[in-house]
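We use all heavy atoms of the structure for the numbers below, so side chains are in, but hydrogens, waters and symmetry mates are not. Chain letters run A, B, ... following the sequence lines, proteins first and then strands; every chain starts at 1.
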2 protein chains.
Amino acid sequence: MSHSQDMLRTNTAFLQFVEQLFEDKQAGNAIQLKSFAAGAYLIRQGSIISQVYIIREGITKCYIAEDNGKDYIFEFLGTGEITGELEAINKGACLSNITALTPVTVFTIPHDRFMALLRSYPEFNELLLKVLAARIYQTCIRTSYQQLYPVEYALLRLLSLEASQQTFFAKKDMAAYLGISVRSFNRTLKELREKNILDKEGLNIDLSKEQLEQMIKRFEDA
Amino acid sequence: MSHSQDMLRTNTAFLQFVEQLFEDKQAGNAIQLKSFAAGAYLIRQGSIISQVYIIREGITKCYIAEDNGKDYIFEFLGTGEITGELEAINKGACLSNITALTPVTVFTIPHDRFMALLRSYPEFNELLLKVLAARIYQTCIRTSYQQLYPVEYALLRLLSLEASQQTFFAKKDMAAYLGISVRSFNRTLKELREKNILDKEGLNIDLSKEQLEQMIKRFEDA
DNA sequence: CTGGGAGTGGGACAAATGTCCCGTTTTATT
DNA sequence: AATAAAACGGGACATTTGTCCCACTCCCAG
C-alpha cells in the first residue's frame, strides 16, 4: 500500500465495492443515487446528516469555514471517496462543508445501514479502515509540512501534485488548501518565476523539472 | 459521543477492552507488557514495526521531525490510546516518532494478531473506528484553527486546554504543538500578559477567566 | 561545590505573510 | 454584442513570525 501524496483523493477499490452493493437487490436496497450541480453543497458544516456519501463521479472540496471568514480546505475528494462517515461513526454534527467543484453524482447510504454493512462485510470494513488510516497519514504529513516549511516549498509541492494529476483548481482554492491568502499565493508564485525554480534542487518533490516548468508556465502566459 | 478538544488524548473504553483481552488466556496470549523510561522512543519515524502499542500508563508525544530540524507534535497520547495502528492497517513505515514524556507502560500486540482481533471482536473494531474518526476530527479542527487564526488565539486555546487537563508541558513541546518557534511562543505569551487577556471576549474558549488568569500566572512569577 | 547542559526570557533585526486597494482580464448572463 | 460579476495580478504598507544572539537560572553528574 503506497502512501502517495494526493491532492485529489480517489479510491477505486472502494467505489467498486459500493457499485457492487448497489447492484445487489438485497444489500443495495437502501442505497440511492443523487446528483449535484457544480457549486452545490453536499454537506453543510454543523448540520446533522443521516447518510454517508460515496462519490461516483465528479470532484468535491472539503473545507472548514472559520468565523473570521477564512476557509481551510482539507482535501479534494474524487471518485470512490467517502464522506459523512465520521458523522456516521461518531454521531456528531458535520465537521466540514462539502461542495461540488464539478457536477457530482454520489451514492447515499443511511447511517444505520452503513454501520450494518460494515458489520456484515469484513472486506468493506477493512476498506474503510484503510481510508481512515490513509487520511490520518496524509493529513499529518501535510500539516507538518505546511507548518514547518516556508510557503514556497508547500506551493511547489502543490504545483507538482496538481500537475501530476492533471487537475487544475482555482487560485482561491489552492490558497485555501495551503492555508494562506491569495495575495501570498500570487506573490510566492511570482518569486518562483523570477528565481527560475530550476536551481531548487533540495526539494523532495517527485516531479520532473519539465513538468514543474510547465506548471509555472501555466501562470505565466499573457 | 462528545468531540471535546483534548491536547492530551485518552480513551478509557479502549484501555478496558485491551485489559480484558490481556487477562484472557486465549485472546491475550500474544499481548505483552513493555516499559519505557522518560525520554525513550517507543517508535521511530521511518522505521518498520510489527506491533501496535496501547498505552497503559504514562504520557507520550507523537511528532514528525522534518529535515530542516523542526518538529511538529500532533498529539499527546495518554492512557488507553493506541499507536502504531496506522502501520498495522496500511503496512507502511512509521509516520511519526513516539517518545515517552513520563515513564510509560504499554501493551504490545503483533500486527497480525491485532488485525485478527478486529475481525473476531466487532466491539473492538468499532472502538478502533471511533478512535480513528475522532483523530481525523480533531486534527482537522486543530489544523484549520492554527492555519487561519493568529498564533495568539491558538495559544490561548492551548493554555485553556492545558489548564483544564491539569497537565503541563515544556515550552518547547507547546511551541512544537503550535507549529511555531519557542521565541514566538514567548513573545505571544508576553503580549497576552501585557494585554491582560481578560478583555479578550470573542474567543470561543471553554474556560473561565479565572482559570485562564491562573494559566498566565504560571508563566509570570519570578 | 562546581562546571556543563538544558531550559528560559527577551532584544534587534530580517523575512514572510496579511490587509487594503485598484486596475485588468476572464467568464457568464442577458 | 453589452454588461455585470468573478477571478487575476500586484503595489504599498502593517503585522506577524523567524533567526540569531546573549544573559540568567536551575539541576545534576562528577
Side-chain angles (χ1 to χ4, degrees), chain A residues 37-40 61 66-73 99 101-103 143-159 162 168-195 200 215-222, chain B residues 37-39 61 66-73 99 101 144-159 162 168-195 200 215-222:
Chain A
K61 70 173 173 179
E66 295 286 355
D67 293 338
N68 61 7
K70 298 177 180 177
D71 293 344
Y72 185 72
I73 297 180
T99 61
L101 290 181
T102 66
T143 303
S144 172
Y145 198 83
Q146 287 185 1
Q147 292 268 353
L148 302 184
Y149 284 93
V151 171
E152 179 169 323
Y153 288 71
L155 176 53
L156 267 178
R157 167 184 276 212
L158 179 60
L159 290 179
E162 205 189 20
F168 303 109
F169 301 101
K171 288 211 167 169
K172 175 182 58 164
D173 286 339
M174 294 210 276
Y177 186 81
L178 292 173
I180 62 177
S181 66
V182 175
R183 183 69 189 88
S184 297
F185 185 93
N186 275 325
R187 178 165 29 215
T188 309
L189 201 52
K190 193 184 162 206
E191 282 160 12
L192 285 179
R193 276 189 232 123
E194 285 161 2
K195 287 200 219 161
K200 289 257 148 227
M215 280 309 299
I216 305 292
K217 280 223 193 68
R218 203 164 80 71
F219 296 103
E220 273 179 336
D221 34 6
Chain B
K61 72 172 172 179
E66 295 285 355
D67 293 339
N68 62 7
K70 298 179 180 176
D71 293 344
Y72 185 73
I73 298 180
T99 61
L101 290 182
S144 172
Y145 198 83
Q146 288 184 1
Q147 291 267 354
L148 301 186
Y149 284 93
V151 171
E152 179 169 321
Y153 287 72
L155 176 52
L156 268 178
R157 167 183 275 214
L158 179 59
L159 290 179
E162 206 188 19
F168 303 109
F169 302 100
K171 289 211 166 168
K172 174 181 60 165
D173 286 339
M174 295 210 276
Y177 186 80
L178 292 173
I180 61 177
S181 65
V182 175
R183 182 69 190 92
S184 297
F185 185 92
N186 276 325
R187 179 166 27 216
T188 309
L189 201 52
K190 192 184 163 207
E191 282 160 9
L192 285 180
R193 277 189 231 122
E194 284 161 4
K195 286 201 219 159
K200 289 257 148 227
M215 280 310 299
I216 306 291
K217 279 220 194 68
R218 202 162 82 70
F219 295 103
E220 274 180 338
D221 33 6

Note to self: Please tell me if N186(A) has a side-chain N or O lying less than 4.0 Å from either OP1 or OP2 of dG9(D).
What the structure shows: yes

Next item on the list: Drop me the distance from S144(A)'s OG to I73(B)'s CD1, to the nearest 0.5 angstrom.
Entry: 11.0 Å

Checklist line | Base-contact (B) and sugar-phosphate-only (S) positions in nucleotides 23-30 of chain D, heavy-atom cut-off under 4.0 Å, - elsewhere | finding: --------

Check: Once you round it to whole Å, what is the distance between C1' of dT15(D) and CG of N68(A)?
Finding: 16 Å

Checklist line | Length of the line joining E194(B):CD and dG11(C):C1', which is rounded to integer Å | finding: 13 Å

Next item on the list: Ignoring backbone atoms, test whether K190(A) places a side-chain nitrogen or oxygen under 4.0 Å from the OP1 or OP2 oxygen of dC8(D).
Entry: no

Check: Taking only residues two or more places apart in sequence, or in another chain, which ones meet D71(A) in a salt bridge (charged side-chain N to carboxylate O under 4.0 Å, His left out)?
Finding: none

Check: Taking atom CZ of F168(A) and atom CE of M174(A), what is their separation to the nearest 0.5 Å?
Finding: 9.0 Å

Next item on the list: Report yes if some heavy atom in the side chain of Q146(B) is under 4.5 Å from a heavy atom in the side chain of T143(A); otherwise report no.
Entry: no

Notebook entry, point to check: What pairs of residues pass the salt bridge (charged side-chain N to carboxylate O under 4.0 Å, His left out) test when at least one of them lies in residues 177-190 of chain A, not counting sequence neighbours?
Noted result: none

Using nucleotides 4-7 of chain C, report all nitrogen or oxygen pairs with the protein that are shorter than 3.5 Å.
from   : atom 1 : to      : atom 2 : distance (Å)
dG7(C) : OP1    : K172(B) : NZ     : 3.4

Margin query: If I compare all heavy atoms of Y72(B) with all of Y177(B), which pair ends up nearest, and what's the gap?
Written below: CE1-O, 3.8 Å

Check: Would a 4.5 Å heavy-atom cut-off, applied to side chains only, mark Y149(B) and D67(A) as touching?
Finding: yes

Notebook entry, point to check: What does nucleotides 15-23 of chain C look like as a protein-contact string, B for base, S for sugar-phosphate only, - for none, at under 4.0 angstrom between heavy atoms?
Noted result: --BBBB---

Next item on the list: Provide, to the nearest angstrom, the distance between the CG atom belonging to L192(B) and the C1' atom belonging to dG10(C).
Entry: 16 Å

Notebook entry, point to check: Taking all non-hydrogen atoms of both residues, which atom of N68(B) and which atom of L148(A) are closest, and how far apart?
Noted result: ND2-O, 3.0 Å

Next item on the list: Would you mind reading off the distance between M174(B) atom CE and dT8(C) atom C1', rounded to a whole angstrom?
Entry: 12 Å

Next item on the list: Note down the inter-axis angle between the two ends of the helix from dC1(C)-dG30(D) to dT30(C)-dA1(D), five pairs each, to the nearest 10°.
Entry: 50°

Checklist line | Rounded distance in Å - CG (L148(B)) to C1' (dT16(D)) | finding: 15 Å

Margin query: Expressed as a whole number of angstroms, how long is the span from Y153(A):OH to dG18(D):P?
Written below: 16 Å

Checklist line | L155(A) side chain near I180(A) side chain, heavy-atom distance below 4.5 Å | finding: no

